[in-house]
Visitor: 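Dropping a structure here in structure tokens format, bear with me for questions.
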Amino acid sequence: MRTGQQLIKEARSRVEELDPAEVKDVLDHASGNGSAESAPVILDVREQQEYEQGHLPGAVHVPRGHLETRIENAVPDRSQRVIAYCSTQNRSALAAQTMQELGYEDVEVMTGGFTLWRDRGYPFETPRKLTDEQKERYSRHLLIPEVGIDGQQKLLDAKVLLVGAGGLGSPSALYLAAAGVGTLGIVDDDVVDLTNLQRQVIHNSERVGEPKVESARKTIEALNPDVEVVAHQTRVNADNVLDLVRGYDVIVDGADNFPTRYLLNDAAVRERKPVVHASILGFDGQLTVFVPYEGPCYRCLYPQPPPADLAPSCGANGVLGVLPGIMGLLQANETIKLIIGRGEPLVGRLLLFEALSTQFTELKVRRDAEGCPVCGDGVDLAETEFEDYEALCAAAG
Amino acid sequence: MPMVKIPPVLRPSVGGKNEVDIDGSTVGEVLNGLAERYPDTGDQLLSSEGELNRYVNVYVNDEDVRVQNGLETEVGQTDTVVILPAMAGGV
């Protein structure tokens with residue numbers, strides 16, 4: 001029978017060991033050349049409490065006890081170079097051995113672990129702590145490596161502006177609030193009407209006649225006290241749009257008219273803020289993400305509003321109640337991805353959803369660098385007066 | 001035969017269908033074929049000069065015809081032509 005020490009010794013003999021100085025060189029090189037592809041994964045296999053007291057910059061955290069169940073999500077590519085560490089090097093050697101058995105091809109261990117790293121005076125990060133209640137509330141996020149504590153912290157720090165507390169805004173506000181987005185601004189000048197309640201699930205029967213922003217605030221505050229709701233009981237107009245957009249990281253466009261959508265687009269491009277866009281009618285929805293200068297803007301996609309007979313409103317034509325639910329949640333999904341910096345945002349791609357046939361269609365959308373009057377090359381928006389969008393759209397009609 | 005996906009606002013003009021099969025080997029032929037069979041669609045899609053209206057986007061499969069050859073863009077027998085006007089609704 002082998003002793004624990006023998007087992008550790010055997011594990012250490014099977015893995016390559018790196019001195020902290022070498023690991024620091026690797027980290028400095030990775031941050032210096034800006035190439036994420038060549039950077040190895042730094043894997044912290046210590047317990048949660050140890051990790052919270054300080055870890056290597058950018059380390060991925062998978063406690064050794066959860067290695068077999070979580071490592072494939074945290075490091076899906078088995079050919080990826082991984083440098084594991086613990087507090088010394090024992091647990092990391094055992095973890096590295098397990099990873100080799102799982103087929104990971106390039107796993108090394110940092111000698112002396114975090115203790116030696118810190119004693120040498122090398123830089124480390126101390127994650128901002130979630131309260132015990134937050135750890136419990138967001139536990140299902142913390143279990144997903146793509147979110148984790150860092151992602152949750154980004155959500156808590158994020159400021160999202162929801163334009164409209166209606167059909168699209170209701171579900172996205174609810175889920176963004178539940179996800180712990182720290183600041184939710186809501187712009188809407190309307191009051192809750194009985195005809196809204198077939199789909200605007202953030203409101204309820206008792207709130208008919210109340211301003212929508214106040215009704216939304218009550219629902220959100222009851223759902224998650226971490227969220228600060230900023231109620232903007234107004235319409236987006238040329239005078240307030242820049243101030244509104246400036247205060248937020250991501251804009252969720254759930255407006256119900258073309259003038260607001262064009263105005264919002266132009267201000268967001270000027271302030272370089274991403275807009276998560278959705279629109280709905282009947283059984284059909286459209287969704288895309290506009291990231292200024294990285295992809296197209298709303299005017300690249302639709303340079304001109306259609307005439308009125310080609311642009312009926314939901315009020316005039318009706319909408320299936322669940323449709324804004326589906327599209328609004330897709331907006332919330334894109335918003336969360338933008339905030340935590342994970343996944344492939346829907347930039348340059350327009351997603352169409354048909355509820356009756358349950359079909360998704362994806363179309364390509366390109367930035368019109370030559371012709372776009374807003375994000376085209378050489379256009380200086382700082383010098384541009386915003387157009388009278390009401391007139392633009394009225395003229396089209 | 002190419003299949004044309006009809007947006008909600010044009011469905012009343014084509015008897016409520018969301019897809020129709022229209023013969024043609026270019027986008028122009030397909031749209032004119034659509035307008036011949038369903039005259040109400042013609043004015044909405046094409047200008048009096050026969051150009052594609054600027055507020056309507058048309059895609060062959062997933063690619064905008066404006067970054068291809070416009071109305072001259074070739075359409076294969078199994079291709080899908082998507083007609084897409086902007087929608088504003090959010091309520």
Side-chain angles (χ1 to χ4, degrees), chain A residues 163-164 166-169 190 195-196 199-200 253-262 277-286 298 301-307 309-317 319 323-324 327-328 349-350 352 354 356-357 359 361-366 368 371 393 396, chain B residues 2-20 27 31 34-35 38-48 51-70 73 75 78-91:
Chain A
V163 179
L168 292 167
D190 211 355
T195 61
N196 300 150
R199 63 203 176 282
Q200 300 183 14
D253 179 4
D256 61 359
N257 63 84
F258 284 110
T260 302
R261 289 185 186 273
Y262 281 106
H277 168 97
S279 61
I280 49 168
L281 185 68
F283 295 93
D284 290 53
Q286 301 182 5
Y298 188 55
L301 175 61
Y302 297 120
Q304 278 178 19
D309 58 338
L310 263 180
S313 70
C314 293
N317 269 37
V319 63
L323 179 70
M327 301 310 292
R349 299 185 285 151
L350 179 69
L352 311 182
E354 294 169 81
L356 273 184
S357 55
Q359 278 188 323
T361 305
E362 193 178 306
L363 305 171
K364 290 183 188 133
V365 189
R366 290 192 169 75
D368 185 3
C393 296
Chain B
M3 191 255 281
V4 183
K5 288 182 86 90
I6 309 293
V9 290
L10 287 183
R11 285 177 203 157
S13 307
V14 300
K17 299 187 188 74
N18 65 347
E19 297 172 359
V20 290
V27 170
L31 294 185
L34 182 72
Y38 304 104
D40 288 351
T41 61
D43 293 347
Q44 318 235 39
L45 300 175
L46 302 169
S47 69
S48 50
E51 295 294 311
L52 194 56
N53 280 329
R54 195 62 195 94
Y55 51 81
V56 179
N57 293 349
V58 176
Y59 301 79
V60 174
N61 299 324
D62 65 347
E63 191 69 80
D64 192 337
V65 301
R66 287 199 178 85
V67 301
Q68 303 182 70
N69 295 320
T73 305
V75 180
T78 57
D79 282 346
T80 300
V81 177
V82 180
I83 300 172
L84 189 77
M87 298 195 302
V91 297

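All heavy atoms count here, side chains included; hydrogens, waters and symmetry mates do not. Below, chain A is the first sequence line, B the second, and so on; all start at residue 1.
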Visitor: Please classify the contact between A/Leu323 and chain B as side chain, backbone, both or neither, with a heavy-atom cut-off of under 4.5 Å.
Guide: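 Neither; nothing under 4.5 Å.
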Visitor: Contact part of A/Leu356 toward chain B, heavy-atom cut-off under 4.5 Å: side chain, backbone, both or neither?
Guide: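 Neither part.
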Visitor: Measuring from B/Arg11:CZ to A/Phe283:CZ, what's the distance to the nearest 0.5 Å?
Guide: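 If we round to the nearest 0.5 Å, B/Arg11:CZ and A/Phe283:CZ are 9.5 Å apart.
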Visitor: What part of B/Asn61 is in contact with chain A, defined as an atom under 4.5 angstrom from a non-hydrogen atom: side chain, backbone, both or neither?
Guide: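 Contact with chain A: backbone only.
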Visitor: Can you tell me how far OH of B/Tyr59 sits from CG of A/Leu350, rounded to the nearest 0.5 angstrom?
Guide: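 A/Leu350 atom CG to B/Tyr59 atom OH measures 5.5 Å (nearest 0.5 Å).
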Visitor: So which residue, B/Leu84, B/Val56, B/Thr80, ends up with the most heavy-atom pairs under 4.5 Å with chain A?
Guide: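 Top option by heavy-atom pairs under 4.5 Å: B/Leu84.
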Visitor: Counting only non-hydrogen atoms closer than 4.5 Å, does A/Gln286 touch chain B with its backbone (N, CA, C, O), its side chain (CB onward), both, or neither?
Guide: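 For A/Gln286, backbone and side chain are both near chain B.
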Visitor: Spell out, as yes or no, whether a donor-acceptor pair under 3.5 Å connects the side chain of B/Asp64 to the backbone of A/Val365.
Guide: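 No, the answer is negative, given that no donor and acceptor are paired below the 3.5 Å cut-off.
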Visitor: Minimum heavy-atom separation for A/Pro306 to B/Ala86, with atom names?
Guide: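 So the two residues come closest at CG-O, 3.8 Å.
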Visitor: Just do the salt bridge (charged side-chain N to carboxylate O under 4.0 Å, His left out) check on A/Asp284 and B/Lys5 with the steps written out, would you?
Guide: CA-CA 12 Å; A/Asp284 290 53; B/Lys5 288 182 86 90; over 6 Å; no
Visitor: Answer with side chain, backbone, both or neither: which region of A/Tyr298 has an atom nearer than 4.5 Å to a non-hydrogen atom of chain B?
Guide: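 Answer is side chain: those atoms of A/Tyr298 sit under 4.5 Å from chain B.
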Visitor: Given a strict heavy-atom distance threshold of 4.5 Å, which part of B/Arg66 is in contact with chain A: side chain, backbone, both, or neither?
Guide: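 No part of B/Arg66 comes within 4.5 Å of chain A.
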Visitor: In Å and rounded to the nearest 0.5 Å, what is the CZ to CD distance from B/Arg54 to A/Gln304?
Guide: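 Those atoms lie 7.0 Å apart.
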Visitor: Which distance, rounded to the nearest 0.5 Å, do you find between the CD of B/Glu19 and the CD of A/Glu354?
Guide: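 Here the interatomic distance stands at 6.5 Å.
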